[in-house]
Amino acid sequence: MPVKKKVKKSGKLKIGLALSGGGALGIAHIGALKALQANKIKISCISGTSAGAIVAACWAFGVSADEMIEISKKLNWLKISNFGYSKLGLNSNKPVGKIIRDYIGDKNIQDAKIPLAIVATDIDSGKKIVFREGDVAQAVMASACIPVFFAPVKIEKRNFVDGMLVENLPFSPLKKMGAQLEIGVDLSMWMAHKKTDNVLDVVNNSYGIVARQQCSGVLKEERIIIQPHLEKFTLFDFKNPEQLFTAGFDATEIAIAEIKSKSIRRKRKADSSLKKIANFFGFE
């Protein structure tokens with residue numbers, strides 16, 4: 001009688017995290033990461049769009065939540081943009097790239113400690129581009145380039161703007177990076193929507209409209225969506241970093257029980273599937 005070989009279990013469940021765009025609201029992502037870490041929820045891969053790309057890149061390269069919140073306290077729109085009018089935009093977001101290089105270094109995306117994906121829009125073709133390699137600072141600049149407000153970021157002769165236009169809550173890269181459970185932090189659902197008095201209000205409301213329309217589709221999937229209450233804040237509100245951090249932390253704390261429950265179910269399902277395959281091939 002042939003001896004059956006034993007099959008290894010599937011190991012720890014791979015959890016993927018998608019961080020949406022949201023300008024200054026992106027500080028809430030830091031709170032979300034802090035809450036996940038405090039509850040021992042390990043992120044195996046991470047994707048980000050716009051502000052989410054900034055936070056995702058920092059996390060993937062080992063910048064702690066505590067470091068990130070200290071960085072955010074020093075930020076305002078003057079520090080992340082240079083006035084430099086061109087026929088394609090009013091300002092440049094080169095300071096965003098400098099911030100990434102200051103805290104991460106001159107690194108490539110593929111050098112991250114955990115798999116990282118950054119979503120941007122090719123404004124000339126309208127296509128979604130997912131950066132999985134290349135200069136991380138450039139990719140983040142491209143992903144966080146608000147159209148018209150910033151001139152497009154040129155990479156290899158292509159013009160890139162904010163990934164929010166094509167996938168604000170970037171779930172699509174996670175499965176390709178091996179995620180078995182997907183968590184998303186959506187900053188658009190409860191953000192402030194106000195009467196327009198200036199161009200910043202127009203940008204703020206436009207973002208909210210586009211982002212909420214996109215998110216209505218992903219909510220139908222078997223995913224966990226965390227939606228911090230951000231009714232008091234706009235995309236341009238850097239004055240309240242601690243309140244934004246707390247909003248992200250609190251919303252994630254509420255979701256922890258669901259995350260743990262689904263993690264257990266997905267792990268059992270993965271082990272069960274592996275066992276069926278093993279039995280089919282004569283393993284134990």
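FYI, side chains are in, hydrogens and waters are out, and symmetry mates aren't considered; it's all heavy atoms of this structure.
- Here the side chain of Gln180 pairs a donor or acceptor atom with the backbone of Lys14 at under 3.5 angstrom.
- Counting heavy-atom neighbours within 6.0 Å of Lys73 NZ, excluding the residue itself, gives a total above 12.
- Among all heavy-atom pairs drawn from Glu67 and Gly62, the shortest one is OE1-O, 4.2 Å.
- Distance alone, capped at 3.5 Å, is enough to place a donor-acceptor pair between the Ser143 side chain and the Ser50 backbone.
- In this structure, the side chains of Phe171 and Arg223 come closer than 4.5 Å at one or more pairs of heavy atoms.
- In terms of modelled atom types and a separation under 3.5 Å, the side chain of Ser47 and the main chain of Pro170 share a donor-acceptor contact.
- Looking at His29, its side chain does come within 3.5 Å of a backbone N or O of Ser20 through a donor-acceptor pair.
- In this structure the side chain of Leu165 reaches within 4.5 angstrom of the side chain of Pro147, judged on heavy atoms.
- Look at Asp122 and Arg158 and you find a salt bridge, because one of the NZ, NE, NH1 or NH2 atoms lies within 4.0 Å of a carboxylate O, short of that distance.
- How far OG of Ser72 is from CG of Leu244: 8.5 Å, rounded to the nearest 0.5 Å.
- Atom-to-atom distance recorded for Gln37:CD and Lys42:NZ is 12.0 Å, nearest 0.5 angstrom.
- Among all heavy-atom pairs drawn from Val136 and Ala57, the shortest one is CG2-CB, 4.0 Å.
- Annotation: side chain of Phe61 is in contact with side chain of Leu116 (closest heavy-atom distance under 4.5 Å).
- Judged by distance alone, the side chain of Glu258 and the main-chain N or O of Lys262 form no donor-acceptor pair under 3.5 Å.
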- Message: Set out, in order, the CA-CA distance, both residues' side-chain angles and the distance that settles side chain to side chain contact (heavy atoms under 4.5 Å, CB included) for Leu169 and Ile225, then state yes or no.
- Response: CA-CA 10 Å; Leu169 188 55; Ile225 311 289; 4.1 Å; yes

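- Within the 4.5 Å cutoff, the side chain of Ile69 has no heavy atoms near those of the Lys34 side chain.
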- Thr121 and Asp162: CA distance, side-chain angles, deciding distance, side chain to side chain contact (heavy atoms under 4.5 Å, CB included) verdict: CA-CA 6 Å; Thr121 304; Asp162 205 308; 5.8 Å; no

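- Proximity of Leu17 to Leu33: side-chain heavy atoms (C-beta onward) are separated by under 4.5 Å at one or more points.
- Judged purely by atom type and a 3.5 angstrom limit, Ser261 has no side-chain atom pairing as donor or acceptor with the backbone of Ala257.
- Here Leu230 contributes atom CG and Ser188 contributes atom OG; the two are 9.5 Å apart, rounded to the nearest 0.5 Å.
- Remark: the backbone N or O of Gln243 is not paired with any side-chain donor or acceptor of Asn240 at under 3.5 angstrom.
- Rounding to the nearest 0.5 angstrom, the gap separating the CD1 atom in Ile30 from the CZ atom in Phe249 is 13.5 Å.
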- Message: Please determine whether side chain to side chain contact (heavy atoms under 4.5 Å, CB included) holds for the pair Ser81 and Phe150, giving the CA-CA distance in whole Å, both sets of side-chain angles, and the decisive distance to 0.1 Å.
- Response: CA-CA 8 Å; Ser81 62; Phe150 293 127; 3.2 Å; yes

- Gln138/Asp135 under side chain to side chain donor-acceptor pair (under 3.5 Å): CA gap, chis, key distance, verdict: CA-CA 5 Å; Gln138 276 194 323; Asp135 188 295; 5.8 Å; no

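- The two atoms that bring Gly26 and Val55 nearest to each other are O-CG2, 3.8 Å, heavy atoms only.
- Between the side chain of Asn93 and the backbone N or O of Met141, at least one donor-acceptor pair lies under 3.5 Å.
- Between the side chain of Asn82 and the backbone N or O of Ser92 there is no donor-acceptor pair closer than 3.5 Å.
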- Message: Determine whether Trp59 and Met68 satisfy the following criterion, side chain to side chain contact (heavy atoms under 4.5 Å, CB included), listing intermediate values before the conclusion.
- Response: CA-CA 9 Å; Trp59 188 259; Met68 281 191 267; 3.7 Å; yes

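- For the residue pair Leu19 and Ala56, the shortest heavy atom distance occurs at CD1-N, 3.9 Å.
- Annotation: side chain of Ile99 is not in contact with side chain of Lys79 (no heavy-atom distance under 4.5 Å).
- Across every non-hydrogen atom of Ala139 and Ile109, the tightest pair is CB-CD1, 3.7 Å.
- Counting only distance, with no hydrogens or angles, the side chain of Thr49 and the backbone of Glu167 share a donor-acceptor pair below 3.5 Å.
- Counting heavy atoms of neighbouring residues, nucleotides and ligands inside a 6.0 Å radius, atom CD of Glu242 does not exceed 12 of them.
- Taking CD1 of Ile114 as the reference point, atom CD1 of Ile43 lies at 7.0 Å (rounded to 0.5 Å).
- Two residues are said to be in side-chain contact when any heavy atoms from C-beta on lie closer than 4.5 Å; Pro228 and Asp250 fail this criterion.
- Note that the CG atom of Leu174 and the CG atom of Leu181 stand 10.0 Å from one another [nearest 0.5 Å].
- Other residues, nucleotides and ligands contribute at most 12 non-hydrogen atoms within 6.0 Å of the CD atom of Glu133.
- Put simply, the side chain of Ile155 reaches to within 4.5 Å of the side chain of Phe131, judged on heavy atoms.
- In terms of heavy atoms, Asn76 sits closest to Phe238 at CA-CD1, 3.8 Å.
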